[in-house]
Amino acid sequence: MDSKYQPQLVEEKIYKEWEEKDFFKASVNTKKEPFSIILPPPNANGSLHLGHAMFTYEDIMIRFNKMMGKETLWLLGLDHAGTETQFVFEKHLKKQGKSRYDYKREDLYKMIWDYVAENKNNIKNQLKRLGFALDWSKEKFTMDPAIVKIVYKTFKDLFDQGLVYRANKLINYCTNCGTSFSDLEVVYVERTDSLYYMKYGPFTLATTRPETKFGDTAVAVHPDDKRYKKWIGKEIEVDGLIGKFKVIVVGDRAVDPKFGTGAVKVTPAHDFNDYEIAKRHNLPMKQVIGFDGKLNELAGKYQGLRIFSARQQVVADLQAKGHMVKIKEDYVHRVGTCYRCRKVLEPLPKEQWFIKVKPLADKSKELIEKKETEVLPKRFKKRLTAILDNFIDWNISRQVVWGIRIPAYRCKSKNSWFISEESPKKCQICDGADFEQDEDTFDTWFSSAQWPFATLMTEGQETFDYFYPTSVMETGHDILRAWVARMMMIGYFSTKKTPFKTVFLHGMVHDPKGQKMSKSKGNVIDPILMIDKYGADALRAALIFGTKEGGDVALSEQKVIGMRNFVNKIWNVGRFIKMNSQVKSQKSKVKSESKNSEVLQELEEEFKKEKKQYIKYMNSYQFSKALGLVYEFIWHRFADYYIEQLKDEVINGNIEALGDLKEVYLENLKMLHPFTPFVTEKIWKVFNKESIFQEQL
RNA sequence: GGACGAUUAGCUCAGUUGGCUAGAGCGUUACAUUGACAUUGUAAAGGUCACAGGUUCAAGUCCUGUAUCGUCCACCA
């Protein structure tokens, strides 16, 4: 044994061996209790970051449960990440001076497919670097034909049961990226803009968006507002920039009399609140901005102008006309932006597919209440419940080519829709040939919402029955809404069971100052670089050690170094025992009884206590505490105290003392194995044993 | 505006049902060491446990309030 543990010489070989021996391959074994985790599928478009490294928690659970005698499955899959991947690819194209519009749908799809295929391997290799005990024989991809088939069936079932509908509603649309998003994908950003007070018939009203005035169909005031009460229900005439027009005045409680002038222009086609007001009062919609981000023919001479220049022009013209009362330039408000390109999202009316969420969310709440699904750490239970209470209908249509194309077809003669899992030969509505498939693809989250059951279903009924519902879903608390809640809704809908018995949430990885890591801040730590320098065990331990369950982790290179030192400590304790075992056999000394029987007794008792506590922590998902416990024991009790006490005897060849030390040490290696799999496996082999992964705790 | 979390050593954080001199990692200081490990050991310095009340024999831990920070959600015409 070297005096230093060198992970660089060890990890790759060991992982290869685990793979070759098929250690991670799970199969149905009715004699054993199943334990299954579905890996949150990484996006197949980039490389691994520290968020992925947090899946170490899953590896810990898998390895621990395996050592506790269960049949463990950790199923690996990758996500096509629709809009996200297409966006990454478009940036790629842009560098070559091209855009998505230069290619036909099929060609673009193919190009992205190849790009993704390359990246998949990259990600997979990086997952191996972390030492993850993933079942590589069951690898899935969200666009596998077998998965797509299930996704189609789910969509059709939802449709048949009235839980999917098509409607022309306001959606968040990015005119730059050319696609819509669900409400969850909107990123709100605080901005300082101008608030314009303009004359509007008999009113003065305040708006941040004067350019949308061509789409106004009403003015709204608070029903109890004495200033304006007399106008409610009346039609007013407004002298506009492109001629006079008439709108009705409505009374609506959504209007805050204290804000601005207490009177609001209602533009149902371009504002979510106004859309709601319009619904309540049966107001017409008038769309004046197109999906290209330009004003349309209804804007008269302003047609063709982009939103921002239209606003400047309209403001200038209103001022010229004397209709601008005042401009408050330091108005701070929040606008929805595109998480991809950061441009302001445009609320636009568009026909899309929506999932009726309420009935599904109610079922999910029941699962939580009945403890069919346990939420850990406990504090996230409230948050998940609140999320389920406030879910609005989910827009699942995306205008990108990279994704699972929606299997909906429009009958042209009847102008209505039918869903078909197979490519239809004829129209299922009129039996004719005149029908076309929806151009849109599913929101990525629609397929990932089905991940736990869809992946297992493709492995056959027996495997599904054995491993489903899965034991634990372990993921970041940041995607509680986008993913966890939706998995519960769709999972229960399709299988009538919770998709996972326990949800275990981990926190975000931050820098040492508690700041989020981001490229622009330059504080990003690359997990692979850390592994190269200090080994996977050190990185893994650094992510777990000294953290609160579900709390954020402040990671620094220093912390990884600290854990590297711990790993080296583990190694050197082994080295000490190994060296003295060899010396002993050479000298064949036979002083078998230790003079330190009290110390040995103490060691045995302390170890028993330690192991009991360890099992308790591990079974209650307190992994950080379990690691802390073993860390403390190995370093500050076993090495600093017991070895020091027994050192002289051991060096002089006392068999009893050495034997007892060795026994306790090997047991501790097993306890450490879920956390630091490589070094423990390596030492196990040094002691002429097979594989620690196959041992029982 | 609502919910949740945080506030403990210079820095990053543990401290599970209230119970002995409040802990870890990194950093600092002094000393030690050629045979497990300097990726080490021994020792030390450093905390009115955010603040103010309350419950209790006993509060970092429970309750109430205040302040500051963070996260998520909602609204902002």
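Sequence lines set the chain letters: A, B, ... in the order given, protein chains first and strands last, and positions in each chain run from 1.
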Enquirer: Tell me which pairs pass ring pair (Phe, Tyr, Trp, His ring centres under 6.0 Å) where either residue lies in residues 648-671 of chain A, with sequence neighbours left out.
Expert: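 For residues 648-671 of chain A: none.
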Enquirer: Which of parallel (below 30°), tilted (30 to 60°) and perpendicular (above 60°) describes Trp571(A) and Tyr5(A)?
Expert: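 Geometry flag for Tyr5(A) against Trp571(A): tilted rings.
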Enquirer: Please confirm whether Arg637(A) makes a cation-pi placement over Phe607(A), using NZ or CZ under 6.0 Å from the six-membered ring centre and within 45° of the ring normal.
Expert: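 Cation-pi check for Arg637(A) and Phe607(A): fails.
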Enquirer: Go along nucleotides 1-13 of chain B 5' to 3' and tag each nucleotide: B for a protein heavy atom under 4.0 Å from its base, S when only backbone or sugar atoms are that close, - otherwise.
Expert: ---SSS-----SS
Enquirer: Ignoring backbone atoms, establish whether His477(A) has a side-chain N or O less than 4.0 Å from OP1 or OP2 of rC72(B).
Expert: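 No.
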Enquirer: What is the nucleic acid contact for Tyr331(A), judged by heavy atoms within less than 4.0 Å: base, sugar-phosphate only, or nothing?
Expert: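 Sugar-phosphate contact only.
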Enquirer: Could you pull out the protein-nucleic contacts involving nucleotides 24-31 of chain B (nitrogen or oxygen on both sides, under 3.5 Å)?
Expert:
{"residue": "rC26(B)", "atom": "O3'", "partner": "Gln558(A)", "partner atom": "OE1", "Å": "3.3"}

Enquirer: Taking any heavy-atom pair under 4.0 Å as a contact, classify Ile561(A): base, sugar-phosphate, or nothing.
Expert: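 The residue Ile561(A) makes no contact with any strand.
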Enquirer: Using purine N1 to pyrimidine N3 plus N6-O4 or O6-N4 for Watson-Crick, or N1-O2 and O6-N3 for G-U wobble, both under 3.5 Å, which nucleotide pairs with rU66(B)?
Expert: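 Pairing partner: rA50(B).
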Enquirer: Give a yes or no on whether Lys682(A) atom NZ has more than 12 heavy-atom contacts from other residues, nucleotides or ligands under 6.0 Å away.
Expert: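 Open: at most 12 neighbouring heavy atoms sit under 6.0 Å from NZ of Lys682(A).
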Enquirer: Mind running a 4.0 Å heavy-atom check of residues 256-270 of chain A against RNA chain B and sending the residues that fall below it, in number order?
Expert: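 Going residue by residue through residues 256-270 of chain A, the ones with a heavy atom under 4.0 Å of RNA chain B turn out to be Asp256(A), Phe259(A), Val264(A).
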Enquirer: Could you write out each protein N or O paired with an N or O of nucleotides 59-64 of chain B at a distance under 3.5 Å?
Expert:
none

Enquirer: What residue pairs, at least two apart or across chains, pass salt bridge (Lys or Arg N to Asp or Glu O under 4.0 Å) with a residue in residues 267-278 of chain A?
Expert: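 Residue pairs with at least one partner in residues 267-278 of chain A: Glu276(A)-Lys279(A).
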Enquirer: Indicate, with a heavy-atom threshold strictly under 4.0 Å, whether Ala254(A) touches base, sugar-phosphate, or nothing.
Expert: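 Touches nothing.
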Enquirer: Considering only the P atoms, how many Å lie between rU7(B) and rG60(B), rounded to the nearest integer?
Expert: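 One P to the other, the span is 15 Å.
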Enquirer: Identify whether any heavy atom of Val255(A) sits under 4.0 Å from a base atom; if not, whether one sits that close to sugar-phosphate; answer base, sugar-phosphate or nothing.
Expert: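 Answer is base: heavy atoms of Val255(A) come under 4.0 Å of a base.
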Enquirer: If we take the P atom in both rG23(B) and rU48(B), what is their distance in whole Å?
Expert: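 The answer is 15 Å between these two P atoms.
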Enquirer: Can you list, by residue number, the residues of residues 619-628 of chain A that have a non-hydrogen atom closer than 4.0 angstrom to RNA chain B?
Expert: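 Close to the strand are Gln622(A), Lys625(A).
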Enquirer: Could you check which nucleotide pairs with rA30(B) in any of the strands shown, counting Watson-Crick or G-U wobble with both distances under 3.5 Å?
Expert: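 Check on rA30(B): paired to rU42(B), both distances under 3.5 Å.
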Enquirer: Can you list every ring pair (Phe, Tyr, Trp, His ring centres under 6.0 Å) pair that touches residues 636-661 of chain A, not counting sequence neighbours?
Expert: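 Ring pair (Phe, Tyr, Trp, His ring centres under 6.0 Å) check on residues 636-661 of chain A returns no pairs.
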Enquirer: Suppose the criterion is salt bridge (Lys or Arg N to Asp or Glu O under 4.0 Å): which pairs have a residue in residues 197-211 of chain A, not counting sequence neighbours?
Expert: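 Matches after skipping sequence neighbours: Arg209(A)-Glu211(A), Arg209(A)-Glu346(A), Glu211(A)-Arg311(A).
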Enquirer: Sequence neighbours left out, what passes side chain to side chain donor-acceptor pair (under 3.5 Å) with Tyr196(A)? Give chain and number order.
Expert: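 Applying side chain to side chain donor-acceptor pair (under 3.5 Å) to Tyr196(A) gives none.
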Enquirer: For the CH2 atom on Trp483(A), are there more than 12 heavy atoms of other groups (residues, nucleotides or ligands in this structure) within a distance under 6.0 Å?
Expert: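 Counting neighbours around CH2 of Trp483(A), more than 12 heavy atoms of other residues, nucleotides or ligands fall under 6.0 Å, so yes.
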Enquirer: Only pairs under 3.5 Å count here: list side-chain donor-acceptor contacts from residues 670-681 of chain A, not counting sequence neighbours, and write none if there are none.
Expert:
{"residue": "Lys670(A)", "atom": "NZ", "partner": "Glu667(A)", "partner atom": "OE2", "Å": "3.0"}
{"residue": "Lys670(A)", "atom": "NZ", "partner": "Gln696(A)", "partner atom": "O", "Å": "2.8"}
{"residue": "His673(A)", "atom": "NE2", "partner": "Arg63(A)", "partner atom": "NH1", "Å": "3.3"}
{"residue": "Thr676(A)", "atom": "OG1", "partner": "Leu672(A)", "partner atom": "O", "Å": "3.4"}
{"residue": "Thr680(A)", "atom": "OG1", "partner": "Thr676(A)", "partner atom": "O", "Å": "2.7"}
{"residue": "Thr680(A)", "atom": "OG1", "partner": "Pro677(A)", "partner atom": "O", "Å": "3.0"}
{"residue": "Glu681(A)", "atom": "OE1", "partner": "Ser691(A)", "partner atom": "OG", "Å": "3.4"}
{"residue": "Glu681(A)", "atom": "OE1", "partner": "Ile692(A)", "partner atom": "N", "Å": "2.7"}
{"residue": "Glu681(A)", "atom": "OE2", "partner": "Trp18(A)", "partner atom": "NE1", "Å": "2.9"}
{"residue": "Glu681(A)", "atom": "OE2", "partner": "Ser691(A)", "partner atom": "OG", "Å": "2.7"}

Enquirer: Applying the Watson-Crick and G-U wobble criteria at under 3.5 Å, what pairs with rA14(B)? Answer none if nothing qualifies.
Expert: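 rA14(B) is unpaired by these criteria.
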Enquirer: Scan residues 257-266 of chain A for pairs that pass salt bridge (Lys or Arg N to Asp or Glu O under 4.0 Å), counting only residues two or more places apart or in two chains.
Expert: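 Qualifying pairs, neighbours excluded: Asp216(A)-Lys265(A).
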Enquirer: What distance do Tyr614(A) atom OH and Leu627(A) atom CG have between them, rounded to the nearest 0.5 Å?
Expert: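 Separation between the atoms: 9.0 Å.
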Enquirer: Rounding to an integer number of Å, can you tell me how far Ile479(A) CD1 sits from rC73(B) P?
Expert: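 My rounded result for the distance is 13 Å.
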Enquirer: Looking at Phe214(A), is Lys286(A) sitting on its ring face, NZ or CZ under 6.0 Å from the six-membered ring centre and within 45 degrees of the normal?
Expert: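 No, Lys286(A) does not sit over the ring of Phe214(A).
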Enquirer: Applying a 3.5 Å limit to both distances, which nucleotide forms a Watson-Crick or G-U wobble pair with rA3(B)?
Expert: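 rA3(B) is paired, partner rU71(B).
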Enquirer: Rounded to the nearest angstrom, tell me the gap between atom CG in Asp274(A) and atom C1' in rC75(B).
Expert: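 Atom-to-atom, Asp274(A) to rC75(B), this comes out as 13 Å.
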Enquirer: Suppose you measure atom P in rC73(B) against the same atom in rU28(B); what distance do you get, rounded to whole Å?
Expert: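 After rounding to an integer number of Å, I get 41 Å for this pair.
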Enquirer: Within the structure shown, what part of the strands sits under 4.0 Å from Phe272(A) by heavy-atom distance: base, sugar-phosphate, or nothing?
Expert: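 Here Phe272(A) touches no strand at all.
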Enquirer: So what does Ala206(A) touch, heavy atoms closer than 4.0 Å: a base, only the sugar-phosphate, or nothing?
Expert: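 Sugar-phosphate, no base atom in range.
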Enquirer: Is it true that a side-chain atom of Glu632(A) and a backbone atom of Leu629(A) form a donor plus acceptor pair closer than 3.5 Å?
Expert: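 No, because the side chain of Glu632(A) does not come within donor-acceptor range (under 3.5 Å) of the backbone of Leu629(A).
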Enquirer: Heavy atoms only, 4.0 Å cut-off, all strands: where does Arg481(A) land among base, sugar-phosphate and nothing?
Expert: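 Answer is sugar-phosphate: Arg481(A) comes under 4.0 Å of backbone atoms only.
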Enquirer: Does a side-chain N or O from Lys578(A) land closer than 4.0 Å to OP1 or OP2 of rA36(B), or not?
Expert: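 Lys578(A) to rA36(B) OP1/OP2: no side-chain N or O under 4.0 Å.
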